[in-house]
Asker: 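Starting off with a structure, shown below.
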Amino acid sequence: MKKESELILSTLPKTWIFDLDGTLVKHNGYKMDGSDTLLAGAKEYLDKLPSKDKVLILTSRTDEYRDMTLNFLRQNDIRYDDIMFNMPMGERIVVNDRKPSGLDTAVAINLNRDECELPEIREEK
């Protein structure tokens with residue numbers, strides 16, 4: 001039986017799309033505190049994702065903060081394949097096709113800001 005904190009996924013390789021501020025790091029910490037702070041569990045969650053999966057980070061941070069952000073991610077050994085800056089602050093909408101098998105290929109998870117309470121991942125058998 002599926003628990004609310006459990007995400008049941010196919011065995012296919014996946015693309016993970018993470019917002020940066022409020023999801024992986026403290027929201028606006030780089031402005032308020034002068035530097036970023038990783039949220040508890042964020043790095044560990046990323047590290048548990050299968051190596052065949054891709055990780056994309058989105059952020060509304062402007063290019064002014066690009067070098068600082070990339071340095072922070074590098075210094076903290078944060079896994080990602082690509083990062084996009086200057087993204088709009090509104091909703092992030094994922095649109096994808098449903099496989100003929102019925103597999104939904106778009107999933108959305110909304111977290112409370114600055115609470116990295118991501119669901120456990122289980123692949124279907």
Asker: Can you give me the closest heavy-atom contact between Trp16 and Ile121, atom names plus distance?
Answerer: CH2-CD1, 3.5 Å
Asker: List the steps, then state whether side chain to side chain donor-acceptor pair (under 3.5 Å) holds for Asn86 with Asp63.
Answerer: CA-CA 7 Å; Asn86 302 297; Asp63 289 328; 3.0 Å; yes
Asker: Side chain of Tyr45, backbone of Pro119: donor and acceptor closer than 3.5 Å?
Answerer: yes
Asker: Which distance, rounded to the nearest 0.5 Å, do you find between the CD of Glu123 and the CD1 of Ile8?
Answerer: 11.5 Å
Asker: Looking at every heavy atom in both Gly41 and Cys116, which two are closest together, and how far apart are they?
Answerer: C-SG, 4.2 Å
Asker: Treating Ile, Leu, Val, Met, Phe, Trp and Tyr as nodes and any side-chain heavy-atom pair under 4.5 angstrom as an edge, say whether Ile17 and Leu7 lie in one connected cluster.
Answerer: no
Asker: If two hydrophobic side chains count as joined below 4.5 Å and joins carry through other members, does Leu9 share a cluster with Leu49?
Answerer: yes
Asker: So, applying salt bridge (Lys or Arg N to Asp or Glu O under 4.0 Å) with Lys26, which one of Asp114, Asp33, Asp21, Asp36 is it?
Answerer: Asp33
Asker: Is there a path of hydrophobic side-chain contacts, each under 4.5 Å between heavy atoms of I, L, V, M, F, W or Y residues, that connects Leu111 with Leu58?
Answerer: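 No, Leu111 does not connect to Leu58 through the hydrophobic network.
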Asker: Measure the spacing between CG of Asp19 and CD1 of Ile109 and express it to the nearest 0.5 Å.
Answerer: 13.0 Å
Asker: Please give the remaining members of the hydrophobic cluster of Met32, linking ILVMFWY side chains under 4.5 Å, ordered by chain and number.
Answerer: none
Asker: Cluster question for you: counting only ILVMFWY and a side-chain heavy-atom cut-off of under 4.5 Å, with indirect links fine, are Ile83 and Leu39 together?
Answerer: no
Asker: If the condition is ring-ring contact (aromatic ring centres under 6.0 Å, His included), which residues does Phe18 pass it with, not counting sequence neighbours?
Answerer: none
Asker: Residues in side chain to side chain donor-acceptor pair (under 3.5 Å) with Thr69, at least two apart?
Answerer: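 With sequence neighbours excluded, Thr69 shows a side chain to side chain donor-acceptor pair (under 3.5 Å) to Arg61, given in chain and number order.
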Asker: Checking side-chain contact (heavy atoms from CB on, under 4.5 Å) between Phe72 and each of Thr37, Leu20, Val25, which is the one that passes?
Answerer: Val25
Asker: State, yes or no, whether a side-chain contact exists between Met87 and Thr59 at a heavy-atom distance under 4.5 Å.
Answerer: no
Asker: According to a hydrophobic-cluster definition based on side-chain heavy atoms being under 4.5 Å apart (Ile, Leu, Val, Met, Phe, Trp, Tyr only), do Val94 and Val55 belong together?
Answerer: no
Asker: Do Leu46 and Leu24 make a side-chain contact, defined as non-hydrogen atoms from C-beta onward lying under 4.5 Å apart?
Answerer: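 Contact flag for Leu46/Leu24 side chains = yes.
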Asker: Can you list, by chain and residue number, the hydrophobic cluster partners of Leu103 when the side-chain cut-off is 4.5 Å?
Answerer: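 Besides Leu103, the hydrophobic cluster comprises Leu12, listed by chain and residue number.
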Asker: Taking CZ in Arg92 as the centre, count heavy atoms belonging to other residues, nucleotides or ligands within less than 6.0 Å. Is the count above 12?
Answerer: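 It does: Arg92 CZ has more than 12 such atoms within range.
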Asker: Do other residues, nucleotides or ligands put more than 12 heavy atoms under 6.0 Å from the CD atom of Glu115?
Answerer: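 Yes, the 6.0 Å shell around CD holds more than 12 heavy atoms from other groups.
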Asker: Just jot down the side-chain contact (heavy atoms from CB on, under 4.5 Å) partners of Ser51, sequence neighbours excluded, or say none.
Answerer: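 Testing Ser51 for side-chain contact (heavy atoms from CB on, under 4.5 Å), a comparison that skips the adjacent residues, returns none.
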Asker: Should the heavy atoms of other residues, nucleotides or ligands under 6.0 Å from CE of Met84 be counted, would the total exceed 12?
Answerer: no
Asker: Write out all pairs satisfying side-chain hydrogen bond (donor to acceptor under 3.5 Å, both in side chains) with one or both partners inside residues 72-82, taking only residues at least two apart or from two chains.
Answerer: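 Output for this query lists Asn71-Arg74.
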Asker: Give a yes or no on whether the backbone of Thr105 and the side-chain of Asn96 come within a donor-acceptor separation of less than 3.5 Å.
Answerer: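 Flag set: sc Asn96 to bb Thr105 pair under 3.5 Å.
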Asker: Find the distance between CG (Leu70) and CD1 (Ile78) and round it off to the nearest 0.5 Å.
Answerer: 12.5 Å
